[in-house]
Asks: 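One structure, as C-alpha cells, below. Some questions next.
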2 protein chains.
Amino acid sequence: MDTATGLETRELRYFVAVAEELHFGRAAERLGMAQPPLSRAISQLERRVGATLLDRTSRRVTLTEAGRVLLEEGRAALEAVEAAGRRAQRAALAGTGQASVVLTAKAGASSELLAKLLDAYAAEPGAAAVDVHLCGPGEQERLLRDGRADVALLHRPFDATAGFDTEDLVTEHQVVLLPAGHPLSLRSEMTLAEVADLPGLPLPRWPRRDGSFPDGAGPQVRDHTQVLQLIALGRACAVLPESAAATLGRDLSAVRVTDAPEVTTVIAWPAHSRSRAVAGLVQAALRL
Amino acid sequence: MDTATGLETRELRYFVAVAEELHFGRAAERLGMAQPPLSRAISQLERRVGATLLDRTSRRVTLTEAGRVLLEEGRAALEAVEAAGRRAQRAALAGTGQASVVLTAKAGASSELLAKLLDAYAAEPGAAAVDVHLCGPGEQERLLRDGRADVALLHRPFDATAGFDTEDLVTEHQVVLLPAGHPLSLRSEMTLAEVADLPGLPLPRWPRRDGSFPDGAGPQVRDHTQVLQLIALGRACAVLPESAAATLGRDLSAVRVTDAPEVTTVIAWPAHSRSRAVAGLVQAALRL
DNA sequence: GGCACCGATACCGTGGGGGTATGGACACCG
DNA sequence: CGGTGTCCATACCCCCACGGTATCGGTGCC
C-alpha cells in the first residue's frame with residue numbers, strides 16, 4: 001500500500017478534463033487532441049493508481065468514488081504545480097527590478113486599508129515593489145493558490161481562507177446602502193429581513209465561482225463600483241461592510257444592519273510561504 | 001507574464017534532486033539515470049520557466065533566487081501530486097471493505113484521548129474503518145501532506161499546523177518526569193532552568209526533521225517509550241504534557257513545570273478535504 | 001432492425017527522453 | 001606552468017510512448 005504512484009501532471013490534466021466533461025470526445029477536443037489517445041491515457045492512469053476512476057458505458061460516463069477523490073485532489077495538485085512555476089518565474093523577474101510581490105484585493109473593498117498598508121510597507125527599509133491585482137469576488141483565492149498572487153486581502157466569512165495562513169486586521173459591522181433621500185435612509189438600524197423586502201430595491205446578484213449567476217430579481221453585478229452606481233440610480237440596494245460606505249458621495253446613504261454577520265478583513269498568504277517580502281507586508285499590516 | 005508554465009512532475013522531481021544535491025552527478029545517480037539527460041532536462045525546465053534556476057560552474061552549483069523558490073514550491077507541489085494519487089488509491093480500497101481513513105498520531109502521546117476518540121467515532125452510525133498510523137515526532141505533518149494519512153492528532157506548539165484546518169481539543173500544562181524516589185520528585189513545581197540543571201539527568205535529544213540529532217549531552221531518542229524507559233533507568237528526565245504522565249507506573253514521578261509552554265492537542269486535516277469520514281472524526285473529537 | 005453515438009482497439013509515425021562518447025572549463029598538484 | 005582529475009555541456013543515436021487515423025463493438029433510440 002505504500003506504492004509511490006508517480007503521476008505525471010499531463011495525466012492529471014487529462015483526467016480532470018474528462019472528469020469535468022464526463023465525455024471523452026468533448027474532453028479530447030478541449031485538450032486539443034484526438035479521443036483515442038485520451039482513452040488510453042486514462043486507462044494507463046487507472047492502472048497506475050490501481051483503481052477504476054470512471055465507470056463508462058457507451059452512453060454515459062460517471063465518476064467512481066476514487067475518481068471523485070482524484071478530481072478534487074488532482075485539481076489542488078495541478079494548482080500547486082502551476083503555482084511553483086509561476087512563483088519561480090516571478091522570483092527571477094524580481095531581480096531585474098520588476099515587481100516582486102503580487103497582492104490581490106477585491107476591487108472596491110477595503111481600499112482605504114489597502115492604501116495605508118501600501119504606504120506603511122513602502123516606508124520600510126528594503127521594501128520590495130508591490131504589484132496590486134484587483135479582481136472580482138472569489139477570484140483571489142484562486143490567484144493565491146495557483147501562484148499568480150503572493151498575498152491577499154480577504155473578507156471573512158465571504159472568502160474561503162482554508163489552507164492559507166491568515167492574520168485578522170479589522171472587524172466591522174455591515175450597513176445597507178440606499179439611494180440618498182430614500183424614506184428609510186433616516187432609520188438608525190434595520191434587519192436583513194427588512195432589507196430583503198425593500199420595494200423596488202432588490203439585492204444585486206454576484207457571480208458564483210464558475211461565473212454563472214444565481215436566479216433572482218436583482219441586477220447582475222461583477223464589481224463593487226457597479227453596485228454603487230446601481231444604488232445611486234435607485235435600482236438596487238446592497239449590504240456591505242462599513243468601510244465600503246466610508247467614502248460614499250452625496251447620492252448614497254447607509255443604515256446599520258443589526259443582524260448581518262460581522263465582516264473581518266484578513267491578510268492571507270500560502271501556508272508554506274517563506275518569502276521575506278510577504279512577511280514584511282504582513283508585519284506592516286499588523287502595525288496599522 | 002500570464003504564461004501557463006505547464007511543468008511536468010518528472011521535471012520537478014529532477015530539479016528537486018539537483019537542487020538538494022547541488023551536484024548533477026550525484027543527483028543523476030540518485031534518480032537512477034545518467035548525468036547528460038539530467039543536464040538537458042534542467043535546461044529545458046529553465047527555458048520553460050523562463051529563468052535560470054542554477055548557477056553552475058564546473059566546480060560549484062548554486063541556487064538562484066528563482067531556484068530557491070522553485071525548490072520550496074516544487075516540493076509542496078510534488079507532495080500534493082503524491083497525495084492525490086494515494087488518496088484516490090485508498091478511496092478505491094475503501095469500497096472493498098478495507099480501511100478508508102488513516103489517522104496518524106505521535107506514538108505514546110495523547111493515547112487516552114485517541115482511544116476515546118476511536119470509541120466515540122466507531123459508535124456513530126455509518127462510521128468508516130479507521131486505520132491508526134503511529135509515528136515519530138514531526139512525521140505526521142508529512143504523512144498528511146503526501147496523502148498517506150487523512151487526519152492527524154498534532155501538538156501545538158511542537159508540530160507545524162500551517163496549511164491544515166484544525167480544531168483545538170485539549171490544552172494542558174507540562175510536567176517533568178523524574179525517576180521515582182528522586183529527591184526533587186517531592187517538589188510541587190519546578191522551572192525549566194531547574195530542569196536543565198538536574199545533575200546526571202540530561203534532557204533527551206529528539207531527531208530533527210531530516211533525521212539528524214542536535215548536539216548535546218542527553219541520550220538520543222526517537223520514541224516516547226524510549227524516553228520513559230530511560231527515565232525509569234535514572235538516565236534522563238523529560239518535560240512532557242501532563243497526559244503523557246497520566247499512566248505512569250511506580251518507577252516514575254511527575255512535577256509540574258511552571259514556565260514551560262502549554263501544549264494544545266489539535267485534530268488536523270488537509271484544508272481542502274471534503275471527506276465525510278474525516279468530518280465525522282472531527283465531530284466526534286469535538287464532542288469528547 | 002437500422003442508425004447514430006461513443007468509447008475501446010489496432011496500427012503507425014514521430015518527437016523526445018534516455019543512453020554513450022566526448023568536449024571544454026576549472027581547480028589542484030607537482 | 002603543464003598535467004591531471006573533476007564536473008557540467010554538447011553531440012549523436014536509439015527506442016519508447018505519445019498522439020494521430022481507421023475501425024470495431026456496444027448501446028440507446030426512432
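Just so it is clear: chains get the letters A, B, ... in the order the sequence lines come, proteins before strands, and each one is counted from 1.
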Asks: Does E46(B) come within less than 4.0 Å of R56(B), counting only side-chain N to carboxylate O?
Replies: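 Yes, charged N to carboxylate O under 4.0 Å.
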Asks: Counting only heavy atoms from other residues, nucleotides and ligands, does the tally under 6.0 Å from CD of Q226(B) exceed 12?
Replies: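 Buried by this count: over 12 neighbours within 6.0 Å.
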Asks: Considering residues at least two apart in sequence or located in another chain, which fulfil the side chain to side chain donor-acceptor pair (under 3.5 Å) criterion with R205(B)?
Replies: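 Side chain to side chain donor-acceptor pair (under 3.5 Å) list for R205(B), sorted by chain: empty.
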Asks: Using the side chain to side chain donor-acceptor pair (under 3.5 Å) criterion, which residues pair with E124(A)? Sequence neighbours excluded.
Replies: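 Only R287(A) meet the side chain to side chain donor-acceptor pair (under 3.5 Å) criterion with E124(A).
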Asks: With a 4.0 Å heavy-atom cut-off, tell me which residues in residues 17-24 of chain A come close to DNA chain C, sorted by residue number.
Replies: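 When residues 17-24 of chain A is checked for heavy atoms under 4.0 Å from DNA chain C, the hits, listed by number, are H23(A), F24(A).
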Asks: Quick check: are there more than 12 heavy atoms from other residues, nucleotides or ligands sitting under 6.0 Å from CD of E29(A)?
Replies: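 For E29(A), atom CD is not crowded (no more than 12 foreign heavy atoms under 6.0 Å).
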Asks: With a strict under 4.0 Å distance from non-hydrogen atoms of chain B, what nucleotide opens and what nucleotide closes the contacted stretch of DNA chain C, reading 5' to 3'?
Replies: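 So the outermost contacting nucleotides come out as dG17(C) to dA27(C).
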Asks: Above 12 or not: heavy atoms from other molecules or residues under 6.0 Å from CZ of R30(A)?
Replies: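 Yes, enclosed.
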Asks: Any idea which heavy atoms bring A162(A) and R145(A) closest together, and the distance?
Replies: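 For A162(A) versus R145(A), the nearest heavy atoms are O-NH2, 3.0 Å.
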Asks: Is the number of heavy atoms from other residues, nucleotides or ligands under 6.0 Å of R26(A) CZ greater than 12?
Replies: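 Yes, because the 6.0 Å sphere around CZ of R26(A) holds more than 12 heavy atoms from other groups.
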Asks: Give me the atom names and distance for the closest heavy-atom approach of R68(B) to L63(B).
Replies: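 The pair with the smallest heavy-atom distance is NH1-O, 3.4 Å.
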Asks: Within the 4.0 Å heavy-atom criterion, would you say R56(A) contacts the bases, only the backbone, or no part of the nucleic acid?
Replies: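 It contacts sugar-phosphate atoms only.
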Asks: Give me the atom names and distance for the closest heavy-atom approach of L22(A) to V61(A).
Replies: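 Reported closest heavy-atom pair: CD2-O, 3.5 Å.
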Asks: Taking 5' to 3' order, which nucleotide of DNA chain D is first and which is last to have an atom within less than 4.0 Å of a heavy atom in chain A?
Replies: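 So the outermost contacting nucleotides come out as dC18(D) to dG28(D).
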Asks: Determine whether more than 12 heavy atoms belonging to other residues, nucleotides or ligands lie under 6.0 Å from atom NE2 of H272(B).
Replies: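 Yes - once you tally the heavy atoms of other residues, nucleotides and ligands closer than 6.0 Å, there are more than 12.
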Asks: Do T9(A) and R13(A) have side-chain N/O donor and acceptor atoms under 3.5 Å apart?
Replies: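 Yes.
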Asks: For R60(A) and for R26(B), locate the closest nucleotide of DNA chain D by heavy-atom distance; then report the residue assigned to the nucleotide nearer the 5' terminus.
Replies: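 On the 5' side of the pair lies R26(B).
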Asks: Looking at DNA chain C, which of residues 33-45 of chain B put a heavy atom within less than 4.0 Å of it?
Replies: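 Contacting residues: M33(B), A34(B), P36(B), P37(B), R40(B), Q44(B).
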Asks: Measure across V102(B) and R90(B) and return the closest heavy-atom pair with its distance rounded to 0.1 Å.
Replies: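 So the minimum-distance heavy-atom pair works out to CG2-NE, 3.6 Å.
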